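What you are looking at is a predicted structure, and each value in this text was computed from that prediction instead of being measured. All ligand and atom numbering here is 1-based and tracks the order in the structure.
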Amino acid sequence: MKKLVVGNLKMNLDLDQIASYLEIINEEVHSPHVVICPTSIYIPYFLSHDYRVGIQNTFLADEGAYTGEISPKQADSMGIAYTILGHSERRMYLKETDDFINKKIIAALKNYMRVIVCVGETLEERKMLKTDRVIKREITNALRGLTKEQLDNVVIAYEPIWAIGTNQTPTNKDIEDMINYIKLLVESYFNYPNIKVLYGGSVNEKNITELNKIKNLDGYLVGGASTNPEKFLKIIEVALS
Ligand code: PGA
């Protein structure tokens, strides 16, 4: 099975930089296995070049008086395939709770979007050996109430918070163990044995070859390195080889 590579540009790049980004990325990025999630105001540029596009967040309602929010219905109507929900930056800076994230996941799935659900532990939680407990809580709360058909459109991204933007990654063994744990967890709690799991956190053009040796991994969620088109292309090349 070919992996999925998702680039999360976060709140990076201005209009000129987006223009040069679009000039550099090429056919490889047109693969159905690559998804780019630009800052939402730039999404139409990527859609008009036929890239597979994701959005970095969607709200829990389809429409209404929610200034600044974008609904999954609106995103779907644009042809945006994926939404990223539960990212640690939104949990941290916007105080998003497990329950709120669960509601947003359900709303996105009802609107035919695919959802990338992010989970991950802080360094403190890891040091206190609470990683498994945190991941279990985040996943069971996020996926609460989902049907098997809905789970077909869910991908989990395991992103240890201490590895995001820090150039630090867990060992391959640690990642592999966590992926197995997540797959077993979703199987036992939701009777769903086939959940796809991505790894995210300081994936770059230098460590991708090593990370790509992990056997049970279904792909990558790439932040910082995806904002550099050359680096992103190199990651895609290795990941999809
Ligand atoms: P990073 O971010 O690749 O810059 O560590 C990953 C993410 O937050 O999705």
Side-chain angles (χ1 to χ4, degrees), residues 3-13 17 21 25 29 33-40 42-43 46 51-58 80-96 101 104-105 108 113-123 125-126 131 134-135 138-139 142 154-172 174-175 178-179 182 196-212 214 217-240:
K3 295 195 173 80
L4 180 70
V5 183
V6 183
N8 175 10
L9 303 188
K10 306 192 181 182
M11 199 179 70
N12 291 304
L13 308 180
Q17 292 168 318
Y21 191 95
I25 54 173
V29 184
H33 300 277
V34 178
V35 178
I36 306 186
C37 307
T39 311
S40 45
Y42 302 130
I43 285 177
F46 288 81
Y51 291 111
R52 227 163 165 222
V53 171
I55 188 163
Q56 296 173 18
N57 175 48
T58 42
I80 299 168
Y82 284 83
T83 180
I84 301 176
L85 296 174
H87 195 284
S88 59
E89 286 151 13
R90 296 193 62 90
R91 291 181 193 259
M92 190 163 44
Y93 299 123
L94 295 145
K95 307 280 178 274
E96 292 196 359
I101 292 162
K104 296 206 299 181
I105 292 170
M113 298 194 80
R114 289 172 187 263
V115 181
I116 299 163
V117 180
C118 302
V119 298
E121 81 284 2
T122 62
L123 189 57
E125 287 161 346
R126 186 176 188 89
T131 302
V134 170
I135 300 301
E138 288 185 335
I139 290 184
V154 171
V155 180
I156 307 274
Y158 170 57
E159 299 205 301
I161 295 168
W162 53 273
I164 295 179
T166 57
N167 262 328
Q168 280 183 294
T169 54
T171 61
N172 278 10
D174 281 354
I175 296 174
M178 183 47 68
I179 306 292
I182 291 172
K196 298 265 184 289
V197 187
L198 314 180
Y199 169 75
S202 294
V203 176
N204 60 42
E205 75 291 356
K206 297 193 196 89
N207 61 21
I208 186 66
T209 307
E210 187 58 26
L211 288 170
N212 215 37
I214 301 172
L217 196 55
D218 299 301
Y220 305 94
L221 179 51
V222 188
S226 73
T227 65
N228 177 315
E230 282 97 358
K231 291 181 182 176
F232 193 40
L233 284 170
K234 165 83 179 153
I235 293 168
I236 293 166
E237 186 190 315
V238 176
L240 301 187

Main-chain N/O of G120 paired with E159 side-chain donor or acceptor, under 3.5 Å: no
Closest approach of A225 to V222 (non-hydrogen atoms, all atoms of both residues): CB-CG1, 3.8 Å
Ligand-residue contact atoms, ligand 1 with G223, heavy atoms, under 4.0 Å: 1 (P), 2 (O), 3 (O), 4 (O), 6 (C)
Identity and distance of the protein heavy atom lying nearest atom 9 (O) of ligand 1: E159 OE2, 2.7 Å
Atoms in ligand 1 with a heavy atom of I164 nearer than 4.0 Å: 2 (O), 5 (O), 8 (O)
For ligand 1, the portion of N8 having any non-hydrogen atom under 4.0 Å away: side chain
Interatomic spacing from NZ in K206 to CD1 in I235 - rounded to 0.5 Å: 10.0 Å
Ligand-side contact atoms (ligand 1) for residue partner K10, heavy atom cut-off under 4.0 Å: 2 (O), 6 (C), 7 (C), 8 (O)
Greater than 12 external heavy atoms within 6.0 Å of K3's NZ: yes
Heavy atom of G200, distance to ligand 1 below 4.0 Å: no
Shortest protein contact, atom 4 (O) of ligand 1 (heavy atom only): G224 N, 2.8 Å
Over 12 non-hydrogen atoms of neighbours within 6.0 angstrom of NZ in K10: yes
Min N/O separation H87 to ligand 1 under 3.5 Å: yes
Where V6 and L198 come nearest, the two heavy atoms and their spacing: CG2-CD1, 4.0 Å
Closest heavy-atom pair and its distance - W162, T122: CD1-C, 3.9 Å
For G165, the ligand 1 atoms whose distance to one of its heavy atoms is below 4.0 Å: 1 (P), 4 (O), 5 (O)
Close side-chain approach of R126 and D174, heavy atoms under 4.5 Å: yes
Ligand-residue contact atoms, ligand 1 with L221, heavy atoms, under 4.0 Å: 9 (O)
Close-contact set for ligand 1 against G201 heavy atoms, below 4.0 Å: 5 (O)
